Amino acid sequence: QVQLVESGGGLVQAGGSLRLSCAASGRLFTLYTMGWFRQAPGKEREFVAAIRRDGSSTYYADSVKGRFTISRDNAKNTGYLQMNSLKPEDTAVYYCNADLSYSSVVAGTSNYWGQGTQVTVSS
């Protein structure tokens with residue numbers, strides 16, 4: 001059992017930065033791959049990034065590669081998404097997800113999801 005709560009969203013100008021947090025409850029968090037998805041109005045949910053349980057490997061969507069950085073602090077049961085050089089097309093609700101299966105996290109079929117946090121990038 002893992003419960004996830006996102007925070008850190010808000011309104012920023014293009015070129016700005018935000019850091020999203022995903023706070024996890026549950027003592028098994030260190031066993032889980034964690035990831036981020038986003039969904040803009042009228043668009044399908046889109047994979048953003050994933051990180052393995054020990055932080056040894058990360059994977060990014062091409063659209064955010066070089067601008068976003070996923071990380072985690074297992075001692076705090078928290079994952080992060082650092083978002084730099086934000087663009088209006090990054091506007092979306094961002095969701096964190098987690099699962100024991102790396103492939104499930106990347107595919108968006110994971111068992112655990114947060115409720116989302118809104119990111120709005122103005123031009």
Side-chain angles (χ1 to χ4, degrees):
Q1 171 77 312
V2 176
Q3 296 187 72
L4 307 173
V5 179
E6 302 94 338
S7 62
L11 174 64
V12 298
Q13 290 185 303
S17 298
L18 284 173
R19 185 183 69 227
L20 306 184
S21 297
C22 177
S25 64
R27 292 177 174 83
L28 299 179
F29 177 71
T30 58
L31 300 179
Y32 286 74
T33 293
M34 193 206 73
W36 291 90
F37 277 71
R38 66 187 183 185
Q39 187 165 27
K43 297 180 65 177
E44 295 182 347
R45 186 178 58 182
E46 176 188 24
F47 171 78
V48 176
I51 184 168
R52 291 189 180 273
R53 61 189 183 187
D54 62 354
S56 62
S57 181
T58 58
Y59 177 55
Y60 298 92
D62 288 342
S63 59
V64 306
K65 194 173 299 181
R67 300 188 298 121
F68 292 8
T69 302
I70 188 171
S71 62
R72 66 192 296 164
D73 185 342
N74 286 344
K76 293 184 175 182
N77 277 9
T78 303
Y80 303 95
L81 185 68
Q82 178 67 44
M83 309 164 67
N84 298 328
S85 301
L86 284 162
K87 305 174 181 179
E89 51 263 45
D90 295 318
T91 295
V93 177
Y94 284 71
Y95 301 89
C96 63
N97 68 324
D99 202 285
L100 291 170
S101 168
Y102 171 81
S103 60
S104 293
V105 168
V106 174
T109 58
S110 51
N111 287 318
Y112 303 105
W113 292 86
Q115 296 300 306
T117 185
Q118 177 71 48
V119 172
T120 302
V121 184
S122 65
S123 59

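Everything quoted here is computed from the prediction, not taken from an experiment.
At least one side-chain heavy atom of S63 sits less than 4.5 Å from a side-chain heavy atom of E46. Side-chain contact between S17 and N84 is present, with at least one heavy-atom pair separated by less than 4.5 Å.
For the residue pair R52 and T33, the shortest heavy atom distance occurs at CA-OG1, 4.0 Å. Contact between A98 and S110 at its shortest, heavy atoms only, is O-CB, 3.4 Å. Across V2 and A24, no two heavy atoms sit closer than the pair CG1-CB, 4.1 Å. Taking all atoms of both residues into account, the shortest heavy-atom contact from A40 to A92 is N-CB, 3.8 Å.
Note on F29 and V5: separate hydrophobic clusters, where clusters join Ile, Leu, Val, Met, Phe, Trp and Tyr whose side-chain heavy atoms are under 4.5 Å apart, directly or indirectly. Grouping the Ile, Leu, Val, Met, Phe, Trp and Tyr side chains by contacts below 4.5 angstrom, directly or via other members, places L81 with V12. Cluster annotation: Y102 and I51 are assigned to distinct hydrophobic clusters (Ile/Leu/Val/Met/Phe/Trp/Tyr, side-chain heavy-atom contacts under 4.5 Å, transitive). Cluster annotation: L100 is connected to L4 through the hydrophobic network of ILVMFWY side chains, with a link wherever side-chain heavy atoms come within less than 4.5 Å. One hydrophobic cluster holds both L31 and Y112 under the rule that ILVMFWY side chains link at heavy-atom gaps under 4.5 Å.
In this structure a side-chain-to-backbone donor-acceptor pair under 3.5 Å is present from Y60 to I70. A donor-acceptor contact shorter than 3.5 Å links the side chain of R67 to the backbone of S85. Remark: the backbone N or O of R19 is not paired with any side-chain donor or acceptor of Q82 at under 3.5 angstrom. Of the possible donor and acceptor atoms, none in the side chain of R45 sits under 3.5 Å from a partner among the backbone N and O of Y95.
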Passes side chain to side chain contact (heavy atoms under 4.5 Å, CB included), L20 versus E6? Steps please. CA-CA 7 Å; L20 306 184; E6 302 94 338; over 6 Å; no
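At a cut-off of 3.5 Å, with distance as the only test, no side-chain donor of D99 or S101 sits close to an acceptor on the other residue.
For the atom pair CZ of F47 and CG of N97, the computed distance is 8.5 Å after rounding to the nearest 0.5 Å. Between the OG atom of S104 and the OH atom of Y32 there is a distance of 11.5 Å, given to the nearest 0.5 Å. Distance check: T91 OG1 to Q118 CD gives 7.5 Å after rounding to the nearest 0.5 Å. Here CE of M34 is found 9.5 Å from OG1 of T78. Values are rounded to the nearest 0.5 Å. Atoms OG and CG, from S122 and L86 in turn, are 10.0 Å apart once rounded to the nearest 0.5 Å. Distance check, rounded to the nearest 0.5 Å: OG of S21 to CZ of R72 gives 13.5 Å.
Summarising the local packing, CD of Q39 is surrounded by more than 12 heavy atoms from other residues, nucleotides or ligands at distances under 6.0 Å.
Between D90 and K87 there is no salt bridge, since none of the side-chain N atoms of the basic residue sits less than 4.0 Å from a carboxylate O of the acidic one.
Ring geometry, Y94 versus F68: the interplanar angle falls from 30° to 60°, so the pair is classed tilted.
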